Asker: 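Just passing along the structure, written as structure tokens.
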Amino acid sequence: MNVFKHFRDVLLVELEALEKAGELPSGLDFSRVSVEPPRDPSHGDLATNAAMVLAKPAGLKPRDLAQTIADRLATASHVNGVDIAGPGFINIRLEDDFWRARIRDVLKAGTGYGASNFGAGTPVNVEYVSANPTGPLHVGHARGTVVGDVLASLLAKAGYAVTREFYVNDAGGQIDVLARSAHLRYREALGEDIGAIPEGLYPGDYLIDVGQALAQRDGAKWRDLSEQQWLPEFRTFTTNAMMALIKSDLASIGVHHDVYTSEQSLINSGGVENALETLKSRDLLYRGTLEPPKGRAPEDWEPRPQLLFRASEFGDDTDRPLQKSDGSWTYFASDLAYHLDKYRRGFSTMIDVLGADHGGYVKRMQAGVKALTENKGDLDVKMCQMVRLLAAGEPAVMSKRGGTFVTLKELLDEVGGDVVRFIMLTRRNDAALDFDLVKVKDQSRENPVFYVHYAHARCRSVLRHAATELAGADLSPEALAKVDLSPLTDSAELALMKTMAVWPRTVESAALAHEPHRLAFYLQELAASFHALWTKGKDEASLRFLLPADPALSLARLALVQAAATVLASGMEVIGVKPLEELRS
RNA sequence: GCGCCCGUAGCUCAGCCGGAUAGAGCACUUGAUUCCUAAUCAAGGGGUCGCAGGUUCGAGUCCUGCCGGGCGCACCA
């Protein structure tokens with residue numbers, strides 16, 4: 001249950017009743033009425049802006065209207081008190097029993113708690129990673145990979161029909177370079193001394209295996225043929241090998257895409273012509289010459305007539321070329337075709353997760369989607385800023401020179417996939433992020449990964465102890481869901497319940513905003529709430545979870561602990577982090 | 001020169017389609033451990049939300065212009 005949405009519905013019923021009673025004019029727009037947690041918990045449990053939003057259109061004074069609404073809300077079920085504050089806020093206090101009942105919600109739902117049909121099954125396509133198939137993933141890919149994957153999981157939990165997609169850029173000139181590099185490795189595998197890898201080719205060791213595989217399969221068949229003859233086969237073979245590498249990297253961080261779309265097959269099947277035909281039919285294509293960018297004209301600039309898309313009519317800064325001088329399509333042209341393809345597959349909502357270096361690409365792609373779908377398609381681009389790798393505060397050097405770069409796999413081996421997943425969400429995606437290889441292994445409050453793990457492990461520890469101290473009691477979630485919860489009266493206990501009850505709302509609002517980082521922040525809050533309760537039990541023995549002299553109270557507290565563990569696990573599940581039973585090693 | 005992102009406590013950052021006295025961690029000060037993991041917790045000081053205008057009952061949040069940092073800027077992907 002989303003508590004806030006629930007009471008918004010309650011409020012709307014009351015507002016409609018006021019309309020009927022003539023205390024409010026009919027036909028008011030309630031869409032801006034919200035029910036939210038107040039910023040300061042001392043104000044109450046819920047706050048609504050209804051009076052402030054409606055006062056003007058209703059021709060009433062905010063505080064007068066607030067009083068009218070408050071009088072009605074005061075009689076609603078589970079409401080314990082209503083008061084008016086500030087410019088016209090209505091603060092609502094709920095009965096403690098209402099919060100205790102949320103424990104039962106959690107225990108019944110298990111880690112499915114927080115799931116909803118908020119998205120109503122709307123199809124959403126999340127495209128992420130989409131790394132060029134020219135080598136293994138490196139650390140620079142980690143952030144987009146995690147952000148995209150968790151965003152997809154988040155949307156799924158919120159009730160959207162999510163497809164995780166990877167766009168394979170297997171069509172450009174870079175694939176020719178890849179194929180040539182592989183051919184060199186192939187000749188090497190046949191015994192030839194190839195010397196240093198020439199400038200401009202991919203020097204990475206990962207191509208040695210490709211060369212050997214080809215030599216083993218085909219022998220010397222391709223050695224003395226012309227490039228024209230071997231190139232197509234080398235392109236295909238090597239691209240497939242690189243995709244296998246990438247998929248293996250992704251699997252090691254728990255990422256599995258539903259759909260891989262090949263740029264080359266899109267082109268081969270006439271997808272680009274198709275998309276351009278659509279634009280042409282709307283008179284959005286023309287042949288023209290672009291002006292050089294002011295203040296920064298490229299040295300080799302020459303006026304050149306090109307096939308252009310009228311992107312500037314859709315919010316872009318300039319029109320954009322679609323065809324290279326050799327007649328082949330630009331990357332943008334095939335990407336237009338790709339997004340039209342996604343739209344035609346039923347995705348009106350598309351999300352692309354890109355690196356910050358693609359920032360200049362966003363407007364044109366959004367312009368393209370608008371034009372191709374007549375404004376029916378929506379493309380949201382999540383840009384991931386750079387990650388700075390540090391080691392104990394000092395920059396950790398990574399270099400692509402000589403083909404040695406820090407691969408994603410090396411990072412995973414160093415700190416583990418769970419750590420990478422969590423840390424990547426400890427900043428908004430559009431803010432730069434420091435990733436300290438040493439600090440993330442710290443077992444301290446400063447390390448959010450540890451902090452959240454520790455909270456869950458503490459919960460599990462209590463439940464393990466309970467099995468012996470309350471031997472014979474049924475401690476299954478199903479049984480705990482039935483125990484009398486009324487003994488839970490301490491402020492720290494209620495605070496924990498309230499934090500847990502915010503989870504469904506967090507899922508929905510994070511999904512709506514396409515902001516997966518909110519999950520990581522929520523988990524830290526929830527963990528803090530639990531740690532606080534734990535330590536309070538250290539100060540006051542009567543607040544310990546396990547009091548063998550009082551089984552009824554202990555069972556109620558175990559229900560709370562089990563629920564806390566469940567919500568923590570629910571959040572970690574969406575992030576893709578495995579909850580731990582204990583941290584002792 | 002243009003576009004995009006960012007600018008919030010000494011440091012690192014949250015701030016939920018505009019809402020109340022702007023929050024958390026680190027650091028600093030003080031305190032809590034015979035007892036479920038003190039790997040934690042509690043309390044305290046610390047702010048012209050880059051600057052200046054504007055819209056609004058109300059702006060850290062929206063608009064405009066500056067300043068500072070990052071990224072990008074025809075036939076790469």
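As the structure is a computational prediction, the values presented were derived from the model and not from experiment. To find a chain, count down the sequence lines: A is the first, B the second, and so on, and within it residues start at 1.
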Asker: B:C36 P sits how many Å from A:His465 NE2, rounded?
Answerer: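 Result: 7 Å.
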Asker: How is A:Arg464 classified with respect to the nucleic acid when contacts are heavy atoms under 4.0 Å: base, sugar-phosphate, or nothing?
Answerer: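 Touches nothing.
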Asker: At under 4.0 Å between heavy atoms, how does the protein contact nucleotides 16-34 of chain B? Give one character per nucleotide, 5' to 3', with B, S or -.
Answerer: B--BB----SS-----S--
Asker: Calculate, to the nearest 0.5 Å, the distance between atoms CZ and CG belonging to A:Phe422 and A:Asn447 respectively.
Answerer: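 CG of A:Asn447 is found 9.0 Å from CZ of A:Phe422.
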Asker: With both distances kept under 3.5 Å, what pairs with B:U55, Watson-Crick or G-U wobble?
Answerer: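 Result: none.
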Asker: Considering every strand shown, what is the Watson-Crick or G-U wobble mate of B:C16 when both distances are under 3.5 Å?
Answerer: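 Pair assignment: B:C16 / none.
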Asker: Could you tell me how far B:G53 sits from B:C17 if I compare only their C1' atoms? Round to whole Å.
Answerer: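 After rounding to an integer number of Å, I get 25 Å for this pair.
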Asker: Round to a whole Å and report the spacing from NZ of A:Lys382 to P of B:C4.
Answerer: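 In whole Å, B:C4 P lies 17 Å from A:Lys382 NZ.
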Asker: Can you see whether A:Ser262 engages A:Asp170 through a side-chain donor-acceptor pair at a distance of less than 3.5 angstrom?
Answerer: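 Judged by distance alone, the side chains do pair up.
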Asker: What's the CZ-C1' distance between A:Phe530 and B:A42, to the nearest Å?
Answerer: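 To the nearest whole Å, that distance equals 17 Å.
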Asker: Below 4.5 Å, heavy atoms only, C-beta onward: do A:Arg505 and A:Lys5 meet side chain to side chain?
Answerer: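 When only atoms from C-beta onward are counted, A:Lys5 and A:Arg505 do not touch, as no gap falls below 4.5 Å.
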Asker: Classify every nucleotide of nucleotides 68-77 of chain B by which part a protein heavy atom approaches to under 4.0 Å, writing B for the base, S for the sugar-phosphate alone and - for neither, in 5'-to-3' order.
Answerer: ---SSBBBSB
Asker: Does any nucleotide pair with B:U40 by Watson-Crick or G-U wobble geometry, both distances under 3.5 Å, and what is it?
Answerer: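 Answer to the pairing question: B:A32, which forms a Watson-Crick or G-U pair with B:U40.
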Asker: Is any side-chain heavy atom of A:Glu127 closer than 4.5 Å to one of A:His339?
Answerer: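 A:His339 reaches A:Glu127 side chain to side chain.
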Asker: Quick one: A:Leu523 CG to B:A14 P, roughly how many Å, whole number?
Answerer: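 In whole Å, B:A14 P lies 16 Å from A:Leu523 CG.
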Asker: Determine whether A:Val462 and A:Trp534 make a side-chain contact, defined as any pair of heavy atoms from C-beta on separated by less than 4.5 Å.
Answerer: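 Yes, their side chains come closer than 4.5 Å.
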Asker: Measuring only the C1' atom in each nucleotide, how far is B:A59 from B:A43? A whole number of Å is fine.
Answerer: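 To the nearest whole Å, 33 Å.
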Asker: Is there a side-chain contact between A:Val452 and A:Phe450 in this structure, where contact means two heavy atoms from C-beta onward sitting under 4.5 Å apart?
Answerer: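 No, too far: nothing below the 4.5 Å cut-off.
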Asker: B:G7, B:U40, B:A38: which one has an atom nearest the side-chain heavy atoms of A:Tyr451?
Answerer: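 Ranking B:G7, B:U40, B:A38 by closest atom to the A:Tyr451 side chain puts B:U40 first.
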Asker: Does any nucleotide pair with B:C66 by Watson-Crick or G-U wobble geometry, both distances under 3.5 Å, and what is it?
Answerer: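 Matched B:C66 with B:G50 under the 3.5 Å cut-off.
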Asker: Once you round it to whole Å, what is the distance between P of B:C4 and CE of A:Met365?
Answerer: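 Taking atom P of B:C4 as the reference, CE of A:Met365 is at 18 Å.
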Asker: OP1, OP2 of B:C6 versus side-chain N and O of A:Arg427: anything below 4.0 Å?
Answerer: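 Indeed not, no polar side-chain atom of A:Arg427 lies that close.
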Asker: Which base sits across from B:C71 as a Watson-Crick or G-U pair, both distances under 3.5 Å?
Answerer: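 B:C71 is paired with B:G3.
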Asker: Assess the side chains of A:Gln174 and A:Thr134: does a donor N or O sit below 3.5 Å from an acceptor N or O?
Answerer: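 Not at all, the side chains of A:Gln174 and A:Thr134 share no donor-acceptor pair under 3.5 Å.
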Asker: Ring centroid separation for A:Phe545 and A:His465, is it under 6.0 angstrom?
Answerer: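 No; A:His465 has its ring centre 6.0 Å or more from that of A:Phe545.
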Asker: Are A:Leu285 and A:Phe309 packed together at the side-chain level, in the sense that at least one heavy-atom pair is separated by less than 4.5 angstrom?
Answerer: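 Yes. Closest side-chain heavy atoms under 4.5 Å.
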Asker: Take the protein atom CG of A:Asp316 and the nucleotide atom P of B:C4, then report the distance between them rounded to whole Å.
Answerer: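 My rounded result for the distance is 10 Å.
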Asker: Check whether any side-chain heavy atom of A:Thr318 sits under 4.5 Å from a side-chain heavy atom of A:Ser312, and report yes or no.
Answerer: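 The answer is no; the side chains never approach within 4.5 Å.
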Asker: Calculate the interatomic distance between A:Leu475 atom CG and B:C36 atom P; express it in whole Å.
Answerer: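 From A:Leu475 CG to B:C36 P: 18 Å.
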Asker: Expressed as a whole number of Å, how far does the P atom of B:C6 sit from that of B:U64?
Answerer: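 14 Å, rounded to whole Å.
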Asker: Using the P atom as the reference point in each nucleotide, state the distance between B:G3 and B:C63 in Å, no decimals.
Answerer: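 Roughly 14 Å separates the two P atoms.
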Asker: For B:U61 and B:U55, measure between their P atoms and round to the nearest Å.
Answerer: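 Looking at atom P only, B:U61 and B:U55 are 15 Å apart.
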Asker: Students often get this wrong, so: under 4.0 angstrom with heavy atoms, is A:Ala532 touching a base, only sugar-phosphate, or nothing?
Answerer: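 Since only primed, P, OP1 and OP2 atoms lie under 4.0 Å of A:Ala532, the category is sugar-phosphate.
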Asker: For A:Asp317 and for A:Val462, find the nucleotide of RNA chain B with the closest heavy atom, then tell me which residue's nucleotide is more 5'.
Answerer: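 Mapping each residue to its closest nucleotide by heavy atoms, the 5'-most match is A:Asp317.
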Asker: Okay, side chain of A:Glu36, backbone of A:Thr48: is any donor-acceptor separation there less than 3.5 Å?
Answerer: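 A pair under 3.5 Å: no.
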Asker: Taking atom P in both B:U21 and B:C4, compute the distance separating them and give it to the nearest angstrom.
Answerer: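 Each nucleotide's P atom is 34 Å from the other's.
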Asker: Rounding to an integer number of angstrom, what distance separates B:G47 and B:C11 when you compare their P atoms?
Answerer: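 Between the two P atoms, the distance is 13 Å.
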Asker: Between P on B:G15 and CG on A:Leu519, what's the gap in Å once rounded to a whole number?
Answerer: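 Those two atoms, CG and P, are 12 Å apart.
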Asker: Scan A:Lys363 against the nucleic acid and name what it touches under 4.0 Å (heavy atoms): base, sugar-phosphate only, or nothing.
Answerer: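 The residue A:Lys363 makes sugar-phosphate contact but no base contact.
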Asker: Using purine N1 to pyrimidine N3 plus N6-O4 or O6-N4 for Watson-Crick, or N1-O2 and O6-N3 for G-U wobble, each under 3.5 Å, what pairs with B:G25?
Answerer: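 Its partner is B:C11.
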Asker: Can you confirm whether the side chains of A:Asn429 and A:Gln385 place a donor and an acceptor under 3.5 Å from each other?
Answerer: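 Not at all, the side chains of A:Asn429 and A:Gln385 share no donor-acceptor pair under 3.5 Å.
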Asker: In whole angstrom, give me the gap between the P atoms of B:C49 and B:G7.
Answerer: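 Pairwise P distance, B:C49 against B:G7, rounds to 14 Å.
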Asker: Which nucleotide in the set B:A14, B:C57, B:C41 lies at the smallest distance from any side-chain heavy atom of A:Lys56?
Answerer: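 From the listed options, B:C57 comes nearest.
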